[in-house]
Amino acid sequence: MKYKILTWGCQMNIHDSEIISGVMQKMGYCPADTLQESDVIILNTCCVRENAERKVYGRIAQLKQFKQKNPNLILAVSGCMVQQPHVVEYISEKLPYVDILFGIKNVHKLPELIEITRQTNLPVIDISGDSRIDENLPIKHTNDAKAWVTITYGCNNYCSYCIVPYVRGKEVSRKPDDILREIETLANDGFIEINLLGQNVNSYGKDLNIPVTFPELLRRVNDVDGIKRIRFITSHPKDLSDELILAMRDCKKVCEHIHLPVQSGSNQILSKMNRKYTREHYIELIYKLRDAIPNIAITTDIIVGFPGETEKDFLDTLELVKAVEFDSAFTFMYSKRKGTPAAEMADQIDDDIKKDRLNRLMQVQDAITESKNNRLKGTIQEILVEGVSKGNINRLSGRSRTNKLVNFDGSEKLIGKLVNVKIIEPHTWSLLGEIVE
């Protein structure tokens, strides 16, 4: 019996799929190379943006043909989308050939749900779940050298544009001993890079009976033998403390990179977004980070066209981007999400204005990214070799400590290892290099 998982969304969704894969393999299933040979197809979904939902619905409709050819095929849908009642209702009515709808907190029940639907030949829906963290779920990591380790589930921030707190629930921190035990096991299994994962890693530990701050956790992870690199995502500016900046400086295994979403450079828009910081506070954090870690790479998320955004608000964002000089940015046009406060706000922005602002923003940021990458020409970077390059199967690909994507010639025997690479040809989105001794 074989299974196939299709994944949309963020790093949390990707890691959720690793857990689903671990559960399936514990049941005795093997990963399928193609959809055609699958006995179970699982769609792990995202609902952060409307476009992602449309893609999922389109994909489910395409899978109907496989169900018609193989009546024993099980189609299951999980992830953030199915935590919304209107989605469950739509799939049940319009896409009745879906066999299982299960919530993101019910992965441990997947074997039971598969067995029920096989025995009854009826659809099964289970989107319930509590805040309990199951520490015994198996994980099938997709990379042999680096691993995601979740430290918090859910979110308490309730940004006005974001659906995540409503579908993933309130923030719950894992106990530090459980996190460290998992990382020690990963180190013993040969993993050398750990990515600490949470919707807001900076607020880790506030809900524990004996509070442990994220900086304290970071220092403890830094002491784990065998681990050579530590990353974390995502940081919220309102919770980025001086203590964390010092921990990043002091912990030699922590990579010189931080993803710090700013979302807007306008204080008016930041307030409407419920972000709980100002542009001035954000810029002050940038100064502190660069003072403590001079070579740090800073990346961000930016939304344009948020309800009520004026041309002046947008220009404030452009000015902030020019002042900060991000290494790169994920840029988005605002998209309504049903169930969020922003979806009900007046002064929604026309799509043409959104597209124009997005293009102008990308032009500015792309020039900054290209300029920063050009400065790396001739430098030697430590690269964790992650695999074969997606753009050229004859090359290898990996990332520097500052999270730059680097392609270079080399033997596949180097995958999973750290190598020194000299940058010979910078590009906007990646760097070309050559291995040096």
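These values consider heavy atoms only, across backbone and side chains, with no hydrogens, waters or symmetry-generated copies. Counting from 1, the numbers follow the sequence of the chain as shown.
No hydrogens or angles considered: nothing links the side chains of D327 and T299 as a donor-acceptor pair under 3.5 Å. A side-chain donor from one of N373 and K404 sits under 3.5 Å from a side-chain acceptor of the other. No side-chain N or O of N44 forms a donor-acceptor pair with one of S78 less than 3.5 Å apart. Q363 and R360 form no side-chain donor-acceptor contact under 3.5 Å, judged by distance and modelled atom types alone. With no hydrogens or angles considered, no side-chain donor-acceptor pair links D366 and T428 at under 3.5 Å. Using modelled atom types, one finds a donor on one side chain and an acceptor on the other under 3.5 Å when comparing H15 with E18. Judged by distance alone, the side chains of T185 and N188 never bring a donor and an acceptor atom under 3.5 Å apart. One side chain, D301 or H259, offers a donor N or O that lies under 3.5 Å from an acceptor on the other. Looking only at atom types and distance, the side chain of T7 has no donor-acceptor partner in the side chain of N13 under 3.5 Å away. Residues N200 and D239 have side chains that bring a donor and an acceptor to within less than 3.5 angstrom of each other. Residues Q365 and E325 have side chains that never bring a donor and an acceptor to within less than 3.5 angstrom of each other. Side-chain contact, K238 with N157: a donor N or O sits under 3.5 Å from an acceptor N or O. Side-chain N/O atoms of S400 and T402 include a donor and acceptor closer than 3.5 Å.
Of the possible polar contacts, none joining the D350 side chain to the I353 backbone as a donor-acceptor pair under 3.5 Å is found. Not a single donor-acceptor pair under 3.5 Å links the side chain of S266 to the backbone N or O of D313. No donor-acceptor pair under 3.5 Å is formed between the side chain of S92 and the backbone N or O of E89. Checking side-chain atoms of T117 against main-chain N and O of L122 turns up a donor-acceptor pair under 3.5 Å. At least one donor-acceptor pair under 3.5 Å links the side chain of E309 to the backbone N or O of G305. A distance-only check finds a donor-acceptor pair linking the side chain of E37 to the backbone of T34 [under 3.5 Å]. Between the side chain of S21 and the main chain of S17, no donor-acceptor pair closer than 3.5 Å is present.
Here S160 pairs with nothing under the side-chain hydrogen bond (donor to acceptor under 3.5 Å, both in side chains) rule; sequence neighbours left out.
Ring geometry for F330 against F332 counts as parallel: the plane angle stays under 30°, on a 0 to 90° scale with 60° as the upper cut. Taking the six-membered ring where the residue is Trp, Y3 and Y29 present perpendicular rings, their angle passing 60° and hence far from 30°.
Two residues are said to be in side-chain contact when any heavy atoms from C-beta on lie closer than 4.5 Å; I192 and K146 fail this criterion.
Partner of Y161 under the side-chain hydrogen bond (donor to acceptor under 3.5 Å, both in side chains) criterion, out of K272, K336, Q263: Q263 alone.
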- prompt: Going through the checks in order, is the side chain to side chain contact (heavy atoms under 4.5 Å, CB included) test met by K64 and L95?
  reply: CA-CA 9 Å; K64 183 178 181 180; L95 307 167; over 6 Å; no

message: One pair to check against side chain to side chain donor-acceptor pair (under 3.5 Å): E171 and S203. What are the steps and the verdict?
response: CA-CA 9 Å; E171 185 175 285; S203 61; 2.8 Å; yes

task: Begin from the C-alpha positions of C155 and R168 and carry the test side chain to side chain contact (heavy atoms under 4.5 Å, CB included) through to its verdict.
output: CA-CA 7 Å; C155 183; R168 286 194 174 266; over 6 Å; no

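Nearest heavy-atom pair across V254 and F232 is CG1-CE2, 4.2 Å. Taking every heavy atom of both residues into account, I114 and M27 meet most closely at CD1-CE, 4.0 Å. Closest approach of A76 to F102, counting heavy atoms only: CB-CE2, 4.0 Å.
The residues D223 and R220 are annotated as not salt-bridged, no charged nitrogen and carboxylate oxygen being separated by less than 4.0 angstrom. For the pair R231 and E193, the salt-bridge criterion is met [side-chain N within less than 4.0 Å of a carboxylate O]. Using a 4.0 Å cut-off between charged side-chain N and carboxylate O, E182 and R174 make a salt bridge. No salt bridge links D33 with K4; every basic N to acidic carboxylate O contact stays at or beyond 4.0 Å. Under the 4.0 Å criterion applied to side-chain N and carboxylate O atoms, R395 and D409 are assigned as salt-bridge partners.
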